[in-house]
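Chain A is the first sequence line, chain B the second, and so forth, proteins listed ahead of strands; every chain is numbered from 1.
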Amino acid sequence: MPELPEVETVRAGLDSLISGAAVVSVDVRRDSCVRLLPGGPAQFSGLLDGARIEAVVRRGKFLWMPLTHPGAHSADAPAGEALSAHLGMSGQFRVHEGADAPEPHAHCRARLLLDRAGTPLTLDFLDQRTFGYLHVEELVETADARAGGVGSSLAALPGSVAHIGRDALDPDLDAAASVRAWRRGSRGVKQVLLDQTLVSGIGNIYADEALWAARVHPERAAHALTAPQARTLLEASRVVMTRALAQGGTSFDALYVNVNGESGYFSRSLEAYGRGGEPCARCGRPLRRASISGRATHWCATCQRRYAPRR
DNA sequence: AGTAGCACCTGATTGC
DNA sequence: TGCAATCAGGTGCTAC
C-alpha cells in the first residue's frame, strides 16, 4: 500500500525519533516477518542486540537503518550492516516515547525496545497482510552508487535493494537514461512505471495519477511513447509524489498512517485513482476503471488516448 | 533476455 | 444469517 511519499513520511518520522538509539531488546511476535534470515528470530535478535541505529534512509519503497556495534571490529563487513525493512502492502512503524507503551496491536509483528540517550523508546512493526519484512544484512558497494558520485549518502545499499533503480525523487536519478529504459520493450506503460528496477518509488496509485496528468493511456505500448511524452510522464510522477509528500501521503483508512498513527490527506487530491465512474476533472467524461495485469487501473478514455491520433 | 503469471497473507466488504 | 467470492497501496520467483 505505501508508495514513495508514504514511505518517505515514515522514514522522516523514524529518522527524527530513533536515530542514535541503541537496541535494548527484540520481541518477534510472528516469525515470518524475519523470514529472510535463515536463523529466524533468534538470529535477528542476536544481530540487533546492542547495535546503534545511525540513521534511517530510503530508496524508492525500501527502507534501511545503518548500524554500528560499539566496541566491535568491522572487518567482517567493510561497508557495514543495516536493519532493512519493506512495508509491503500494509506495513507500518509506530514509535512510542517513554516507558508506558501500550499493549502491542493485534497486527504487531515485532516490537523493539530502544534507548536514546537514556530515553526509552518502543518501535513496533505492524503488518496486517504480512507481505512486509524486517531483515539484517550487509551493505554492499554498488556500481551505480559509485558512478553517482554526488549521492554519497547512498554509497552502499543493502543486498536486497541492490537491484532497485534510483527513485523518481532522487536528485542523482539519470532522467535521460531512465526515459530510454522506460521506452524499451513491449509492455504497457503502466507496467513499466511499476517496474522498480528502472525508476523506483511509483506504485499503483501514483502510476494512475502520473498517467492521467501526462495524458497517457495506461495500455499504450512503452515503445510507442515519444521521448517528450516519457519525459512528461517522469516529471508528472515527480510532481504528484512531491505534492502528496507535502500532505503526509495518501491514506484511505487506518491501514496507512505515519509513525505517530496519523493519516495523510492526499486522497482528497487524487484525480484518477479510486474515481472510476466519476467525471474527469479536465473533460467531464466518466473515468474508466479496469484491471490491467492484475492491478486496478483508472483513466480517462477521452484525455488519455491508447493510440497516437492520426495526422 | 524480457515478460506474464502466480504465490505469498489477512481482513473488510459485497453478493447470493 | 451465513458463507463464498472478491478486493486491497507490493514484490519475487518460475516458466515460457
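Between A:Phe93 and A:Phe125, the ring planes are tilted. Angles from 30° to 60° get that label. The aromatic rings of A:His135 and A:Tyr133 sit perpendicular, their planes meeting at an angle over 60°, well past the 30° parallel limit.
Across C:dG12 and B:dG11, the matching C1' atoms stand 23 Å from one another, rounded to whole Å.
Between the CD atom of A:Gln196 and the C1' atom of C:dT11 there is a distance of 9 Å, rounded to whole Å. Atom CG of A:Asn204 is separated from atom C1' of C:dT11 by 13 Å (rounded to the nearest Å). In this entry the distance linking CG of A:Asp167 with C1' of C:dG10 reads 16 Å, nearest Å. With rounding to whole Å, A:Gln191 atom CD is found 13 Å from B:dG2 atom C1'. One atom, CD of A:Glu3, and another, P of C:dT11, lie 9 Å apart when rounded to the nearest Å. Separating the NE2 atom of A:His135 from the C1' atom of C:dT11 is a distance of 15 Å, rounded to the nearest angstrom. Rounded to an integer number of Å, the gap from CE of A:Met89 to P of C:dC7 is 13 Å. Rounding to whole angstrom units, CG of residue A:Asp195 and P of B:dT3 are separated by 8 Å.
Under 4.0 angstrom from either OP1 or OP2 of C:dG9 there lies no side-chain N or O belonging to A:Tyr206.
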Protein-nucleotides 12-14 of chain C N/O pairs under 3.5 Å:
unit_1 : atom_1 : unit_2   : atom_2 : d
C:dG12 : OP2    : A:His163 : NE2    : 3.1

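In the hydrophobic clustering (ILVMFWY side chains linked at under 4.5 Å, chained through shared members), A:Val24 is joined by A:Leu113.
Screening A:Lys61, A:Arg238, A:Arg58, A:Arg59 for a salt bridge (Lys or Arg N to Asp or Glu O under 4.0 Å) with A:Asp167, the sole residue that qualifies is A:Arg58. Put simply, the residue from A:His298, A:Arg289, A:Arg295 that forms a side chain to side chain donor-acceptor pair (under 3.5 Å) with A:Asp208 is A:His298.
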Margin query: Quick one, A:Thr122 with A:Asp124, criterion side chain to side chain contact (heavy atoms under 4.5 Å, CB included). Give me CA distance, side-chain angles, the key distance, then yes/no.
Written below: CA-CA 6 Å; A:Thr122 303; A:Asp124 282 348; 3.7 Å; yes
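Considering every non-hydrogen atom in both A:Leu114 and A:Ala21, the closest pair reads CB-CB, 4.0 Å.
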Next item on the list: Take nucleotides 7-12 of chain B nucleotide by nucleotide from the 5' end and write B, S or -, depending on whether a protein heavy atom sits under 4.0 Å from the base, only from the sugar-phosphate, or from neither.
Entry: -BBBS-
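Across all strands, A:Ser186 comes closer than 4.0 Å only to sugar-phosphate atoms, never to a base (heavy-atom distances).
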Notebook entry, point to check: Pairs counted as Watson-Crick or G-U wobble with both distances under 3.5 Å: what dot-bracket string results for DNA chain B, using | for bases tied to another strand?
Noted result: .|||||||.|||||||
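Residue pairs that meet the salt bridge (charged side-chain N to carboxylate O under 4.0 Å, His left out) test with at least one member in residues 269-287 of chain A, sequence neighbours left out, are A:Arg275-A:Glu278.
When each of A:Ala296 and A:Leu194 is assigned the nucleotide of DNA chain C with its nearest heavy atom, A:Ala296 is the one assigned upstream, toward the 5' end.
Around CZ of A:Arg187, the count of heavy atoms belonging to other residues, nucleotides or ligands within 6.0 Å exceeds 12.
No side-chain donor-acceptor contact under 3.5 Å links A:Ser45 to the backbone of A:Ala42. In this structure, the side chain of A:Ser19 does not engage the main chain of A:Ser16 through any donor-acceptor pair within 3.5 Å.
A search for salt bridge (charged side-chain N to carboxylate O under 4.0 Å, His left out) contacts involving A:Asp27 returns A:Arg29, not counting sequence neighbours.
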